[in-house]
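Convention: sequence-line order gives letters A, B, ...; per-chain numbering from 1.
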Amino acid sequence: KQEVTQIPAALSVPEGENLVLNCSFTDSAIYNLQWFRQDPGKGLTSLLLIQSSQREQTSGRLNASLDKSSGRSTLYIAASQPGDSATYLCAVRGGSNYQLIWGAGTKLIIKP
Amino acid sequence: GAGVSQSPSNKVTEKGKDVELRCDPISGHTALYWYRQSLGQGLEFLIYFQGNSAPDKSGLPSDRFSAERTGGSVSTLTIQRTQQEDSAVYLCASVRELAYGYTFGSGTRLTVV
């Protein structure tokens with residue numbers, strides 16, 4: 001059974017720092033992995049989608065990596081800004097299964 | 001449309017009343033999902049529609065919950081005889097195909113008083 005873990009559960013850093021959020025999964029037979037952000041009381045915004053054949057994806061200050069063999073993905077945020085404060089969720093789709101398995105999220109606070 | 005549209009954005013209802021939540025997915029997306037998220041909790045899968053296949057209702061918490069998707073497009077989630085524990089944000093997502101990512105709507109915040 002696939003399980004997804006996100007560490008840390010919460011993170012508070014000063015503005016301008018680079019940071020890494022971690023996501024690990026127990027079954028390496030995934031189809032793809034997606035990173036989302038969720039602002040308080042709001043829906044989810046897709047950040048990056050990495051297919052199982054890819055190693056990384058980049059969008060602006062965000063870079064997500066995927067290492068299937070070790071069951072790990074990282075989300076790197078460069079030059080953090082207060083507007084990056086949100087909860088970051090990773091979710092994996094396993095094999096041909098249509099469902100996403102979700103991590104519990106990392107709550108990120110960027111202090112001005 | 002450009003994104004997944006959910007309505008209403010907020011709904012306050014009295015305990016025991018029925019409610020209908022609507023999701024309008026991105027045009028051409030074949031799959032549609034409903035999730036709910038209680039305060040401070042993770043996402044709970046409710047139901048999944050894929051094309052003309054029978055929906056996967058395995059996540060529906062009780063028989064008070066039902067959903068339909070008409071014409072392979074708009075979906076309605078119905079909660080009958082609402083209870084206070086039904087209070088949550090109900091999120092809808094659509095997916096173009098298996099290889100693509102999910103796109104979520106902004107959700108409907110349901111409060112049962």
Side-chain angles (χ1 to χ4, degrees), chain A residues 1-7 9-10 23 25 29-54 56-59 62 64 66 68 73 75 86-107 109, chain B residues 2-10 21 23-26 29-51 53-60 87-111:
Chain A
K1 178 185 173 183
Q2 179 74 274
E3 293 182 358
V4 179
T5 303
Q6 290 188 245
I7 294 173
C23 173
F25 45 95
I30 67 169
Y31 198 87
N32 56 40
L33 182 147
Q34 197 165 359
W35 282 94
F36 297 86
R37 69 173 279 169
Q38 185 173 32
D39 295 279
K42 302 290 181 61
L44 281 78
T45 301
S46 178
L47 297 174
L48 290 163
L49 171 69
I50 310 178
Q51 303 294 343
S52 61
S53 59
Q54 297 175 325
E56 66 177 346
Q57 285 286 330
T58 298
S59 176
L62 305 180
L66 175 64
K68 266 194 355 175
S73 176
L75 179 67
T87 295
Y88 290 79
L89 296 156
C90 75
V92 302
R93 170 174 275 160
S96 61
N97 192 321
Y98 48 78
Q99 283 207 39
L100 290 182
I101 308 300
W102 294 84
T106 294
K107 184 175 182 179
I109 297 173
Chain B
V4 178
S5 177
Q6 290 189 246
S7 61
S9 55
N10 280 284
L21 312 181
C23 173
D24 204 339
I26 294 173
H29 280 201
T30 59
L32 185 149
Y33 301 75
W34 283 98
Y35 287 86
R36 75 176 176 181
Q37 188 174 32
S38 301
L39 188 63
Q41 302 298 310
L43 277 79
E44 176 187 4
F45 167 76
L46 296 177
I47 189 169
Y48 159 76
F49 296 91
Q50 170 66 56
S53 302
D56 177 353
K57 305 178 183 180
S58 61
L60 295 179
S87 296
V89 176
Y90 288 81
L91 293 163
C92 173
S94 70
V95 183
R96 181 176 164 185
E97 292 174 9
L98 195 65
Y100 293 80
Y102 281 38
T103 301
F104 278 85
S106 299
T108 293
R109 179 176 297 279
L110 175 67
T111 304

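- With sequence neighbours left out, A/Arg37 forms a side-chain hydrogen bond (donor to acceptor under 3.5 Å, both in side chains) with A/Asp39.
- A donor-acceptor pair is defined here as one N or O able to donate and one able to accept, closer than 3.5 Å; no such pair exists between the side chain of A/Gln2 and the backbone of A/Val92.
- Using a 4.5 Å heavy-atom threshold, the side chains of B/Leu46 and B/Tyr90 count as touching.
- Top candidate by heavy-atom pairs under 4.5 Å with chain B, chosen from A/Leu33, A/Asn32, A/Leu44, is A/Leu44.
- Contacts between B/Gln37 and chain A at a heavy-atom distance below 4.5 Å involve the side chain alone, from C-beta outward.
- Looking at B/Tyr35, only its side chain comes within 4.5 Å of chain A, counting heavy atoms on both sides.
- In terms of heavy-atom pairs under 4.5 angstrom with chain A, the leader among B/Asp56, B/Thr103, B/Leu91, B/Leu39 is B/Asp56.
- Qualifying side chain to side chain contact (heavy atoms under 4.5 Å, CB included) partners for A/Gln6, counting only residues two or more places apart in sequence or in other chains: A/Cys23, A/Trp35, A/Leu89, A/Cys90, A/Thr106.
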